[in-house]
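Data block below; observations after.
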Amino acid sequence: MPEEKSLNFIEEIVERDLAAGQKGIITRFPPEPNGYLHLGHAKSICLNFGLSLKYGGYTNLRFDDTNPVTEETEYVDSIKDDVRWLGFDWKNELYASDYFPQLYEFALTLIRKGLAYVDDSTSDEIAAGKGTPTSPGKDSPFRGRSVEENLSLFQQMKEGRFKDGERVLRAKIDMAHTNMHMRDPILYRIKHAHHHRTGDAWCIYPMYDFAHGQSDSIEKVTHSICTLEFVPHRELYDWFIEKLEIFPSRQYEFARLNMTHTLMSKRKLLQLVNENHVSGWDDPRMPTLSGVRRRGYTPEAIRDFCDRVGVAKRDNLIDISLLEFCVREHLNKVAQRRMVVFDPLKIVLINYPEGQSENLPSENNPGDEPVTYREMPFSRELYIERDDFMEHPPKKYFRLAPGQMVRLKSAYIIKCEEVIKDAAGTVTEVRCTYLPESKSGSDTSGIQVKGTLHWVSAAHTIPVEVRIYDRLFTVEDLGSIEGDFRQYLNPQSLVVKKVFAEPSLAKATAGDRFQFLRMGYYCLDEDSTPAKLVFNQTVTLRDMWAKEVKKG
RNA sequence: UGCCCGAUGGUGUAAUUGGCAACACGCUUGAUUUUGAUUCAAGAAAGUCCAGGUUCGAGCCCUGGUCGGGCAACCA
């Protein structure tokens, strides 16, 4: 039995409720369809769906579509794709807009109870009347209207007798309340706008506060989980439930996910898209689910990540290296190994017959239970990484150098015999001898070498494009910067290279994930054509040597 | 100048609810290795924001501070 993992504070609440006799739980994931889902949403999705999976119950997918001017069907579709990709199934696909008739009835109820009124004030007047956090607001001059007049006016609002902004319906609570959200919050506003689902059926739309909690209640959601910025809304949330005498859903808040070197704000991400700082919502540098998916991240890795970051109420800034650890850990298990030379240096095997070649088997993944192999052509002329040769190597360098021997992965041990340079002194070719008796799998040479290099046969290699990504922003904490966040965009966040791949990669299909030996994890991008393969770098391998070099 | 949250190694999350502060990432060192990857082993790193109080005993409870975050969209 593995050690029982400790519960997060929401699980504790759920277990307490269950122990107190509650029969099961219902949660919901309530995105507004005005942008693509990002890693922060993944945390919420894993929490909400994870809870109902763990405690027996279900989770609804409910679109909070109460603002027709920013919401679109494109977003609805992408959100559904992303939730499914992450690996979760919702019980019901619902929309707050489904509840417009019911919500309208709720508004009528409040008016009849004398708890809501139509306000003719302008937006500015209402804002001014709100007061400030440290000073009370003032009652609207329209606050005292009779129930009949309010009913009539609200009816006229619904019928389209007024223009946008001319009137609103407000709750009648307390303009001096210490909680700003309780100072007669707006319930309904007029928007003569086309809604992605209800079309032109309505010209009044409920505000978030009047739609969200009641939607939870209608669905009998037991635990309505949201982020910390909604804490002050909870008092209002409960007020509606009490006054309307409806199912008592309960709201609980947790701290949203923040990550180093990136942003988790839909508004700012939209700006990056609109201003073409990235190629789209699914640009592999984006922290969106469609972005990390295209980058090659697996749903397993994302879920593992969400599990590891935990759930609590204090502000946090998760190091992006934790995310990278999670992908590496999963990809190490599932990605097939391939060899690709990024910056080629020609090797000529002077004792290997010209015109000859042979196929050498190489493991697809050394960790697989029965190890499987692919064939790699080997010949007299090869490419290795330019970094893997040094004419004057430092002490702990155990790659190729004059007089030194290295192993070519899955092939032979070679020894550097001669270095050829051009007029500028740049090494253009390295001549080596190979040890025929050192062939992988049947090595009788008895020689042990420290270094093993990846390589590709010059005559058999296929050119491919590789897109190498780095952090989107140069600063760690985007939340604590002054000025425009765009000035911190990393100009080096995308580097495109033409590189040399082993021929078996020609068979790859979009979405396939590989480990390019010693280089990193890559996946085939959808931009690929049979004539031109494009690979996205998912994440590099851990690199102790790079650290050593950096230390100097 | 109000109300509401929060504070535990560098980061994140725990601490059987009052009993020797643990786990993970990151970092360091060593072993293994036909990937300087993986794997394995070891280690450094907080005495729990501060000050009082309750208690045999406080990271947990109480009081008062300090610091950080949120709250005044006809956004969600």
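Predicted model, so just to flag it, every value in this text is computed and none were measured. Below, chain A is the first sequence line, B the second, and so on; all start at residue 1.
Counting any heavy atom pair closer than 4.0 Å across all strands shown, A/S123 reaches a base atom. A/G451 comes within 4.0 angstrom of no nucleic acid atom, judged by non-hydrogen atoms across all strands. A/D543 comes within 4.0 angstrom of the backbone, heavy atoms only, and of no base. Residue-level contact check: A/F305 touches neither bases nor backbone, having no heavy atom under 4.0 Å from any strand. Using a 4.0 Å heavy-atom cutoff across all strands shown, A/Y205 reaches no nucleic acid atom at all. Heavy atoms of A/K130 sit under 4.0 angstrom from primed sugar atoms or phosphate atoms, though from no base atom. Within the 4.0 angstrom heavy-atom criterion, base atoms lie near A/G165. At a threshold of 4.0 angstrom between heavy atoms, the contacts of A/L322 are confined to the sugar-phosphate backbone, with no base atom among them. A/V69 comes within 4.0 angstrom of no nucleic acid atom, judged by non-hydrogen atoms across all strands. Using a 4.0 Å heavy-atom cutoff across all strands shown, A/I413 reaches no nucleic acid atom at all. In this structure, A/K547 reaches the sugar-phosphate backbone alone: every heavy-atom distance under 4.0 Å involves primed, P, OP1 or OP2 atoms, never a base. Nucleic acid contact for A/E125: none, since no nucleic acid atom lies under 4.0 Å from a heavy atom of the residue. Within 4.0 Å (heavy atoms only), A/V231 reaches sugar-phosphate atoms of the nucleic acid but no base atom. Here A/T122 lies in heavy-atom contact (under 4.0 Å) with a base.
Residue A/T66 places at least one side-chain N or O closer than 4.0 Å to OP1 or OP2 of B/A76. Between A/R314 and B/G12, a side-chain N or O to OP1/OP2 separation shorter than 4.0 Å is absent. A/K550 has no side-chain polar atom (N or O) that falls below the 4.0 Å cut-off from OP1 or OP2 of B/G36. Remark: A/R189 is in phosphate contact with B/A76, judged by side-chain N or O atoms under 4.0 Å from OP1 or OP2.
Residue A/L453 is tested with A/I347, A/L382, A/I384 for a side-chain contact (heavy atoms from CB on, under 4.5 Å); the sole match is A/I384. Among the candidates A/Y208, A/Y205, A/F154, the single residue satisfying the ring-ring contact (aromatic ring centres under 6.0 Å, His included) test with A/Y188 is A/F154.
Here B/C3 presents its P atom at 17 Å from CZ of A/R234, a figure rounded to the nearest Å. Atom CZ in A/F325 sits roughly 5 Å away from atom P in B/C25 (whole-Å rounding). Across the protein-nucleic acid pair, A/N365 atom CG and B/A37 atom P stand 16 Å apart, rounded to whole Å. Between A/L453 atom CG and B/U33 atom P the separation is 18 Å, expressed in whole Å. In this structure, CG of A/N179 is placed 12 Å from P of B/C3, rounded to the nearest angstrom. As a whole-Å value, the separation of A/D477 CG from B/G10 C1' is 14 Å. Between A/E476 atom CD and B/U11 atom C1' there is a gap of 9 Å when expressed in whole angstrom units. If you take CE of A/M157 and P of B/C74, they are 13 Å apart, rounded to a whole angstrom.
Ranking B/G26, B/G6, B/A14 by closeness to the A/K313 side chain, first place goes to B/G6. Out of B/U35, B/A72, B/A14, the shortest distance to the side chain of A/P366 is found at B/U35. Distances from the side chain of A/D64 to the nucleotides B/A76, B/U34, B/A15 place B/A76 closest. Nearest to the side chain of A/S440, among B/A72, B/U34, B/C74, sits B/U34. Counting only heavy atoms from C-beta on, A/S6 has its side chain closest to B/A15 among B/U35, B/C71, B/A15. Comparing B/G36, B/U13, B/C75 by their closest approach to the side chain of A/N316 singles out B/U13. Distance from the side chain of A/L541 is smallest for B/U35 among the nucleotides B/A24, B/U1, B/U35. Nearest nucleotide to the A/S321 side chain, out of B/G36, B/C74, B/G26: B/G26. Of the candidates B/A72, B/A76, B/A24, B/A76 carries the atom nearest the A/N67 side chain, counting heavy atoms from C-beta on. The side chain of A/Y208 lies closest to B/A76, out of B/A73, B/C71, B/A76.
With sequence neighbours excluded, the residues satisfying side-chain contact (heavy atoms from CB on, under 4.5 Å) with A/T132 are A/T134, A/S135.
Using cut-offs of 30° and 60° for the angle between ring planes, the A/Y36 and A/W281 rings count as parallel. Using the six-membered ring where Trp is involved, A/Y383 and A/F500 have ring planes that are tilted, between 30° and 60° apart.
Contact between A/M339 and A/S362 at its shortest, heavy atoms only, is CE-OG, 3.9 Å.
Side-chain contact of A/R28 with A/H212: a donor-acceptor pair under 3.5 Å is present, judged by distance alone. Between the side chains of A/D65 and A/H196, at least one donor N or O sits under 3.5 Å from an acceptor N or O. Donor-acceptor pairing under 3.5 Å is lacking for the side chains of A/N316 and A/R256.
Both tests pass for A/K158 against the ring of A/W202: distance under 6.0 Å to the centre and angle within 45° of the axis. In this structure, A/R167 forms a cation-pi arrangement with A/F162, its terminal cationic atom sitting closer than 6.0 Å to the ring centre and no more than 45° off the ring axis.
Within 90° of 0 lies the glycosidic angle of B/U17, which makes this nucleotide syn. Look at B/G57: its glycosidic torsion is beyond 90° from 0, and that puts it in the anti range.
For a distance-only test at 3.5 Å, the side chain of A/H233 qualifies as a donor-acceptor partner of the base of B/A76. For A/R399 and B/G36, a side-chain-to-base donor-acceptor distance below 3.5 Å is present, hydrogens and geometry of angles not being considered. With hydrogens and angles ignored, no donor-acceptor pair closer than 3.5 Å exists between the side chain of A/R518 and the base of B/U35. In the interface, the side chain of A/Q515 is paired with the base of B/U35 through a donor and an acceptor atom under 3.5 Å apart. The base of B/U38 does not come close enough to the side chain of A/R542 for any donor and acceptor atom to sit less than 3.5 Å apart.
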Return one dot-bracket line describing RNA chain B 5' to 3' (Watson-Crick or G-U wobble pairs, both distances under 3.5 Å; ( ) same strand, [ ] crossing, | another strand, . none).
.((((((..((((.....[..)))).(((((.......))))).....(((((..]....))))))))))).....
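Heavy-atom distances to RNA chain B give each of A/P232 and A/L228 a nearest nucleotide, and the one nearer the 5′ end belongs to A/L228. With the nearest nucleotide of RNA chain B identified for both A/H212 and A/S442, A/S442 has the one nearer the 5' end.
A distance cut-off of 5.5 Å between ring centres, combined with a plane angle under 30°, places A/W545 in a stacking arrangement with the base of B/G36.
Ring centers of A/Y412 and A/F378: under 6.0 Å apart, within the cut-off.
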